[in-house]
Amino acid sequence: MEKYDHKKIEEKWIKSWKKTKLYRTSEDKAKPKYYILDMFPYPSGSGLHVGHPKGYIATDIFARAKMMQGYNVLHPMGWDAFGLPAENYAIANKIHPRAATEKNIATFKNQLGKLGFTYDWEREINTTDPEYYKWTQWTFIKMFERGLAYESNEPVNWCPSCKTVLSNEDLEGGLCERCGTAVERKPMRQWVLKITDYADRLLNDLEKLPDWEESIKEMQRNWIGRSEGAIVKFSIFNFQFSNKSKKSNCQKFIEVFTTRPDTLFGATFMVISPEHKLIQDLKSEIKNWAEVEGYINAAKNKSDLERTDLNKEKTGIKLEGIMAINPVNNEEIPIFVADYVLTGYGTGAIMAVPAHDQRDFEFAIKYNLPIKQVVRPEDILKSIIVTETVEKGLKDELVKSKIEFTIGLSRNGREHIRIVLKEYQINKFIKMVQSYLKGDGWVDIIGARNILVFKDKVFENFQFNDLKLFERLKRTEPLVRKYNSIWEMLWHNSFYEEFVCYIGEGVVINSGDFTGMKSNQARSKMAKEFGKLTVHYKLRDWVFSRQRYWGEPIPIIHCEKCGNVAVPEKELPLKLPEVKNYQPTGTGESPLANIKEWVNTKCPKCGGKALRETNTMPQWAGSSWYYLRYIDPKNKKALVDKVKEKYWSPVDFYVGGAEHATRHLIYARFWHKFLYDIGAVNYDEPFTRLQQVGLIMAEDGRKMSKRWGNVINPDEIVEKFGADSLRVYEMFMGPFNQPCAWSTNGVIGARRFLENVYKLKDKKLYDCQGGDCKIKESGLPKLLHKTIKKVTQDIEDFHYNTAISAMMIFVNFAGKLDAMPRGALENFLKILAPFAPHLCEELWSELGNKESIFKQPWPKYNPELVKDETINLVIQINGKVRDTLKVLAEISEEEAKKIALESEKIKKWLEYKEIIKVIFVKGKLVNIVI
RNA sequence: GCAGGCGUGGCGGAAUUGGUAUACGCGCUAGCCUUAGGAGCUAGUGGAGCAAUCCAUGAGAGUUCGAGUCUCUCCGCCUGCACCA
């Protein structure tokens with residue numbers, strides 16, 4: 001018996017496949033096409049760990065299976081090599097980014113080469129190749145010509161450590177996604193792409209993508225953040241004199257965006273963000289300017305992180321000397337500047353409705369501003385909360401839950417708590433009470449007119465319409481007591497206070513003519529009458545420039561006379577110049593600004609003196625369209641040939657990490673839609689099916705990282721167990737899209753399985769045609785066809801773990817036989833081949849086959865063989881299994897019932913019992929109800 | 001806080017339309033082969049019980065002849081977003 005020598009086998013076939021160009025792809029109209037794509041890697045300095053190839057293995061299996069199923073498969077690979085990490089790595093190691101990138105690509109390619117992938121390396125692309133980024137620049141110019149790329153001076157996210165601007169998508173909770181430094185907000189000159197013009201299409205077209213995972217679509221919807229509401233104008237008055245009646249219209253307005261125009265009557269003050277332009281315009285009208293300016297400056301110095309800290313107390317300053325007019329009722333309301341209102345969202349100013357908004361409520365409480373309820377649910381329940389003592393625990397809970405309360409003295413001189421709950425606080429309050437009540441105290445919630453008694457489940461004159469609330473209250477059961485009247489209760493308890501609980505649909509109150517309307521109705525009516533219906537998006541325009549060296553130069557020339565002019569198309573690519581010092585300057589200028597001979601140029605329009613743009617593009621630029629270039633990687637005339645693109649596009653299946661859900665995948669969809677609009681491509685969505693890869697964690701459950709020293713290098717695993725074992729193991733770990741911890745013992749399991757496969761070649765093999773096959777009795781052909789069916793379907797569904805499990809069952813079974821039909825082994829090898837390509841190709845050739853196994857057609861299962869002739873008929877009594885009988889699958893209902901009742905085991909259970917009915921499920925079971 | 005997802009042995013995880021819960025793998029136990037070893041072979045392996053049998057899919061309820069699967073409530077975990085007006 002030969003030993004399974006994975007090294008010999010794998011080296012042999014990798015060489016052979018390379019020689020025969022097994023994976024070379026070209027357009028072939030005779031075959032249906034299949035384009036399967038991996039998210040191309042960023043070649044970092046540390047090389048691959050075992051988690052990286054997971055997605056590549058999965059697509060490789062898919063690609064090989066599709067090839068055998070008669071598809072013309074495109075499965076390319078390339079490098080996303082521009083960007084900060086490569087540049088930082090180069091600076092740290094004192095080498096040129098280009099050299100660092102080349103070195104890293106070589107490492108990656110070598111590592112990937114050992115795993116037996118089907119990539120057509122003749123289509124390899126690299127985003128840092130001038131022939132590639134020529135077309136990135138070309139697209140930028142097309143956007144510029146259509147007004148979709150523009151210069152802006154808005155405040156942007158600046159990372160002081162990476163010394164560059166970042167887009168919103170590059171932040172993680174206010175920190176730089178790369179280095180974890182708190183980002184500063186600075187107004188800076190930037191190139192920006194108008195992705196917001198595409199917001200609606202990006203949102204609506206998600207509906208066209210049924211084969212995307214719902215979670216990713218949901219993330220994109222949230223990121224785009226469409227909300228419908230109204231823009232309402234509030235005019236501003238100033239006071240000429242101290243006398244309030246002498247006021248004049250100063251011709252200024254505050255525009256606010258609100259999703260709840262039905263609460264307009266409840267607006268009791270206004271808040272504008274510290275960066276709002278209007279404040280500067282109102283400078284002369286504001287009497288306490290010095291104080292206001294101090295606040296604005298303080299806000300400026302706070303990092304985004306500090307400002308968005310939810311636990312911090314709200315602060316603000318009243319703008320003295322001016323008031324706003326609420327257009328619905330002409331009431332004068334004060335204006336505040338406060339940093340809980342953000343510049344970046346809506347209009348940067350809000351109308352504050354403290355009765356219906358948690359944040360406004362907190363602010364109103366702090367500054368003692370009026371709170372006016374204008375919407376209430378249909379039913380009001382007045383209730384009383386009673387506590388035995390004012391215990392410290394309850395107070396702490398109330399403080400923690402941000403529920404307002406006051407402590408007073410009751411009639412007998414002891415403390416009591418007064419709690420005023422708002423509409424949106426009720427759930428929180430009930431939760432709080434519940435958690436608090438785990439202690440020794442107790443609380444009753446008793447209606448002012450009705451008495452609720454939970455313990456005995458008696459509810460006199462109970463008027464709750466909301467059963468959910470009732471259920472919740474019920475859960476406080478052990479702590480509830482019964483009283484005959486409120487007075488008895490009050491007497492029994494020394495103190496109490498009242499709270500109001502609102503239940504049901506919203507009804508507008510205290511709102512003039514609108515009073516009594518349903519909240520929904522009032523929303524659109526009031527919006528139309530007092531403002532303008534508007535749609536607002538959370539998505540911001542894409543900040544597209546970086547003040548760094550290692551990126552595509554933005555192909556724009558600044559001319560004093562002509563303004564911004566695009567670099568003429570024939571001068572593309574605009575190559576990144578060689579530079580001695582590529583360290584970031586930190587001044588907001590790119591290192592390119594120091595190369596005078598490059599910066600100084602002529603205006604292509606007027607020929608006059610002009611300067612080149614020195615910012616570069618972000619990392620996400622090149623990756624926004626790379627999948628198109630694989631189709632036609634060497635085209636010098638166009639980004640992609642439209643005929644070829646029509647054949648291959650769209651990408652049928654795209655597999656990659658979920659971390660790209662709101663960046664790469666939104667950018668690429670935007671870029672693609674733009675290319676579609678200018679007629680460069682044929683379809684308006686780039687990726688038909690999308691699957692995310694679940695992360696492989698280290699054995700200790702943490703992320704694999706140098707920092708923890710828990711990284712496993714695939715090279716070691718390939719060396720010790722073989723690429724095929726690694727492939728099978730990674731696919732067997734669990735559901736593909738779920739995170740999963742690495743286990744080297746698990747690889748051993750996969751290796752054992754492949755060794756068992758290898759041993760099958762020592763079986764006696766014989767040819768067997770049709771019915772006269774002795775082995776048929778063993779059940780092997782039946783099992784084979786069931787396995788083919790399952791594996792075929794599981795590959796399509798990306799359920800590789802269960803496919804492998806089915807193949808293990810087959811091998812375990814076949815391993816016990818002395819002999820097997822040659823055809824069965826061959827067919828089995830074909831379905832295993834995508835998973836363990838080297839081993840299967842080897843065994844296939846040892847069986848005497850000359851042509852590669854991957855050129856063989858995928859085996860078809862015989863539907864007749866997949867059916868079971870006999871089944872185990874389950875006999876249940878009252879749903880519990882009492883017996884199983886082996887019967888023909890086609891057994892009739894009557895016969896099944898008959899033999900079920902005749903069974904000895906069943907008879908025993910039926911003694912002295914009456915049979916109520918007997919249920920028969922064809923091919924499955926008989927259930928006797930007694 | 002909001003949205004999406006998940007919860008099954010010691011572990012990773014299986015389980016068509018509701019129909020034999022725990023497939024497959026790891027680990028573990030016993031035995032075998034071997035001078036020895038395990039990345040070998042055989043058998044066993046949810047819990048309780050001598051057994052018949054009973055109990056088990058986060059908890060509790062509901063629908064059903066029958067629930068891991070459907071409905072409701074709660075608890076816990078993961079992911080994303082988050083002072084989004």
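Below, chains carry the letters A, B, ... as their sequence lines are ordered, and counting in each starts from 1.
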For [X], answer base if it contacts any base atom (sugar-phosphate contacts may also be present), sugar-phosphate if it contacts only those atoms, and nothing otherwise; contact means non-hydrogen atoms under 4.0 Å.
X        : value
A:Lys880 : sugar-phosphate
A:Arg221 : nothing
A:Asp360 : nothing
A:Arg882 : sugar-phosphate
A:Gly225 : nothing

For [X], enumerate each residue passing the side chain to side chain contact (heavy atoms under 4.5 Å, CB included) test, keeping only those at least two apart in sequence or located in another chain.
X        : value
A:Ala364 : A:Phe269, A:Pro354, A:Leu369, A:Ile371
A:Ala522 : A:Asp262, A:Val508, A:Met517, A:Met526
A:Ala230 : A:Val232, A:Pro261, A:Ala527
A:Lys8   : A:Asp5

Item checked: Backbone of A:Asn737 reached by a side-chain donor or acceptor of A:Gln691 within 3.5 Å ->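 A pair under 3.5 Å: no.
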Please report, rounded to the nearest Å, how far the [atom2] atom of [N] is from the [atom1] atom of [X].
X        : N     : atom1 : atom2 : answer
A:Arg359 : B:C83 : CZ    : C1'   : 6 Å
A:Phe721 : B:C26 : CZ    : C1'   : 13 Å
A:Ile717 : B:A39 : CD1   : C1'   : 13 Å
A:His660 : B:G80 : NE2   : P     : 13 Å
A:Ile216 : B:C81 : CD1   : C1'   : 15 Å
A:Met808 : B:C26 : CE    : P     : 7 Å
A:Arg663 : B:U79 : CZ    : P     : 16 Å
A:Gln793 : B:A14 : CD    : C1'   : 17 Å

Item checked: Residues in ring pair (Phe, Tyr, Trp, His ring centres under 6.0 Å) contact with A:His536, at least two apart in sequence or another chain ->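 A:His536: ring pair (Phe, Tyr, Trp, His ring centres under 6.0 Å) contacts with A:Phe257, A:Tyr345.
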Checklist line | Sequence-distant partners of A:Arg752, salt bridge (Lys or Arg N to Asp or Glu O under 4.0 Å), two or more places apart | finding: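 Listed in chain order: nothing, the list is empty.
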Next item on the list: Using the test salt bridge (Lys or Arg N to Asp or Glu O under 4.0 Å), find all partners of A:Glu699 that sit at least two apart in sequence or belong to another chain.
Entry: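 Once residues adjacent in sequence are excluded, A:Glu699 has no partner under the salt bridge (Lys or Arg N to Asp or Glu O under 4.0 Å) criterion.
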Notebook entry, point to check: At what distance, to the nearest 0.5 angstrom, does CD of A:Glu755 lie from CD1 of A:Ile748?
Noted result: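 Output value for this atom pair is 10.5 Å.
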Taking atom [atom1] in both [N] and [M], what distance in whole Å separates the two?
N     : M     : atom1 : value
B:G13 : B:U22 : C1'   : 10 Å
B:A15 : B:C6  : P     : 14 Å
B:G9  : B:A23 : C1'   : 13 Å
B:C84 : B:C2  : C1'   : 11 Å
B:G62 : B:G68 : P     : 15 Å
B:G49 : B:C55 : C1'   : 11 Å
B:G58 : B:U8  : C1'   : 10 Å

Check: Between the side chains of A:Asp794 and A:Thr802, is a donor N or O closer than 3.5 angstrom to an acceptor N or O?
Finding: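 Judged by distance alone, the side chains do pair up.
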Item checked: Residues A:Tyr537 and A:Ser227: side-chain donor-acceptor under 3.5 angstrom ->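 Looking only at side-chain atoms, A:Ser227 and A:Tyr537 do not form any donor-acceptor pair under 3.5 Å.
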Check: Which letters describe nucleotides 62-68 of chain B, given B = protein heavy atom under 4.0 Å from base, S = only from sugar-phosphate, - = neither?
Finding: ---BS--
Margin query: I want to verify the glycosidic state of B:G9; is it syn or anti under the 90° rule?
Written below: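 B:G9: syn glycosidic orientation.
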Between N or O atoms, less than 3.5 Å apart, protein on one side and nucleotides 6-12 of chain B on the other: list the pairs.
{"unit_1": "B:G12", "atom_1": "O2'", "unit_2": "A:Met733", "atom_2": "O", "d": "2.5"}

Note to self: If a pair means Watson-Crick or G-U wobble with both distances below 3.5 Å, what does RNA chain B look like in dot-bracket form, with | marking bases paired to a different strand?
What the structure shows: (((((((..(((......[....)))((((((.......))))))(((....)))..(((((..]....))))))))))))....
Check: Where each residue is assigned the nucleotide of RNA chain B containing its nearest heavy atom, which of A:Pro735 and A:Ser215 is assigned the position nearer the 5′ end?
Finding: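 Counting from the 5' end, the first nearest nucleotide belongs to A:Ser215.
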Margin query: For a quick check, tell me whether the side chain of A:Lys924 and the base of B:U17 share a donor-acceptor pair closer than 3.5 Å.
Written below: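 Answer is yes: a donor-acceptor pair is held.
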Checklist line | Base B:C81 paired with A:Lys538 side chain (donor-acceptor, <3.5 Å) | finding: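 Answer no: no donor N or O sits under 3.5 Å from an acceptor.
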Check: Quick one: salt bridge (Lys or Arg N to Asp or Glu O under 4.0 Å) pairs with a partner in residues 718-747 of chain A, sequence neighbours left out?
Finding: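 Sorted pair list: A:Lys7-A:Glu719, A:Asp60-A:Arg727.
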With a cut-off of 3.5 Å and sequence neighbours excluded, list every side-chain donor-acceptor pair involving residues 922-930 of chain A.
{"unit_1": "A:Asn927", "atom_1": "OD1", "unit_2": "A:Asn878", "atom_2": "N", "d": "3.4"}
{"unit_1": "A:Asn927", "atom_1": "OD1", "unit_2": "A:Gly879", "atom_2": "N", "d": "3.0"}

